[in-house]
There are 2 protein chains.
Amino acid sequence: MAVKSTAQALHNRIAVLRTERGLSRAQLAEILGVNYQTVGYLERREYAPSLDLAMRISAYFELPIESVFSRTPFPPIRTALHRGRSEASA
Amino acid sequence: MAVKSTAQALHNRIAVLRTERGLSRAQLAEILGVNYQTVGYLERREYAPSLDLAMRISAYFELPIESVFSRTPFPPIRTALHRGRSEASA
DNA sequence: CATGGATGTCATACTTATACAACAAAAGAT
DNA sequence: ATCTTTTGTTGTATAAGTATGACATCCATG
């Protein structure tokens, strides 16, 4: 069957964190020891990772799991980079 | 097929945390919204929970995921309760 | 002892996570 | 414009997580 998700997948920051390191999905996949397609699935939120994989991912990025995965959408990085402004302008 | 785990399951502190709250598996299961057998499987480490379930569990116990689940065995609670002694005696 | 609650075990079924292959589309570099 | 890398898509296959039902065991307590 299709790999399409039925349940609402968890949100994650894998793509941003990976991009920040200048890694391709294939490179990150190799580091994590998973298939490169798996990273794609995770970033596209077609499914959530196993707890074990989630731990390897957050360990690699040196962040707590809750900073990489969340049941509720992540705020834009801007809010972490520049506090005191909520409205966007340019 | 059997539900027996092939891969080495993650360690967790669900049983202790649940016992501390004086909850039965059935009660915890209801709180978490899973089948009561599932809690048993997790405590017996017959398999690891999904990331989503792990998040619900750690949220309920008000602990970070890493404090409830670990790839390496947890030290005995004694070491958290009484620092300064590593060897057991009585 | 009998009853009940909590736990462990077994079997079956369904859903989800992961792997892998092949190909299309997008983006970058030359 | 071609070559290469990266990403998205589709399809198939296997493993792992979860639900359920049935039954056994252990322990407490009436």
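To find a chain, count down the sequence lines: A is the first, B the second, and so on, and within it residues start at 1. Values below: all heavy atoms of this structure, side chains included; hydrogens, waters and symmetry mates excluded.
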Is the shortest side-chain N/O distance from B/Arg18 to OP1 or OP2 of C/dT7 below 4.0 Å?
yes

Kindly indicate, with the supporting measurements, whether the criterion side chain to side chain contact (heavy atoms under 4.5 Å, CB included) is fulfilled by B/Leu17 and B/Leu63.
CA-CA 10 Å; B/Leu17 292 168; B/Leu63 285 170; 3.9 Å; yes

Using the side chain to side chain contact (heavy atoms under 4.5 Å, CB included) rule, pick out the option among A/Ile14, A/Leu53, A/Ile65 that qualifies with A/Ser58.
A/Ile65

Does A/Ser50 make a side-chain N or O approach to OP1 or OP2 of C/dT18 shorter than 4.0 Å?
yes

Protein-nucleotide distance (A/Arg45, atom CZ; C/dA17, atom C1'), rounded to Å
16 Å

Residue B/Tyr47, side-chain atoms from C-beta onward, closest of D/dG17, C/dT9, C/dA17
D/dG17

Once you round it to whole Å, what is the distance between P of D/dT9 and OH of A/Tyr41?
10 Å

Within this structure, what is the CG-to-P distance between B/Asn12 and D/dG17, rounded to whole angstrom?
12 Å

Those residues of residues 30-37 of chain A lying under 4.0 Å from DNA chain D by at least one heavy atom:
A/Tyr36, A/Gln37

If you compare every side-chain N and O of B/Thr38 against the phosphate oxygens of D/dA19 (OP1, OP2), does one of them come in below 4.0 Å?
yes

Base, sugar-phosphate alone, or nothing: which one does B/Ala48 contact when heavy atoms must sit under 4.0 Å apart?
sugar-phosphate

Testing D/dT18, C/dT18, D/dT9 for proximity to the side chain of A/Leu53, the answer is C/dT18

How long is the line joining CD of A/Glu43 and P of C/dA17, in whole Å?
16 Å

Report the distance from atom CD of B/Glu46 to atom C1' of C/dA11, rounded to the nearest whole Å.
13 Å

When rounded to the nearest 0.5 Å, the distance separating OH of B/Tyr60 from CZ of B/Arg18 is 11.0 Å

Whole-Å distance between D/dG17 C1' and B/Arg44 CZ?
14 Å

Atom CZ of B/Phe74 and atom CZ of B/Arg13: how far apart are they, to the nearest 0.5 Å?
5.0 Å

Can you confirm whether more than 12 heavy atoms, excluding those of A/Gln27, are under 6.0 Å from its CD atom?
yes

Per the salt bridge (charged side-chain N to carboxylate O under 4.0 Å, His left out) rule, what does the pair list look like for residues 65-76 of chain B, sequence neighbours excluded?
A/Asp52-B/Arg71

In whole angstrom, give the distance that lies between atom CG of A/Leu42 and atom C1' of C/dA17.
9 Å

What's the separation between atom OG1 in A/Thr19 and atom CG in A/Leu28, rounded to the nearest 0.5 Å?
10.0 Å

Please give, in whole Å, the distance from C/dT16 C1' to B/Asp52 CG?
12 Å

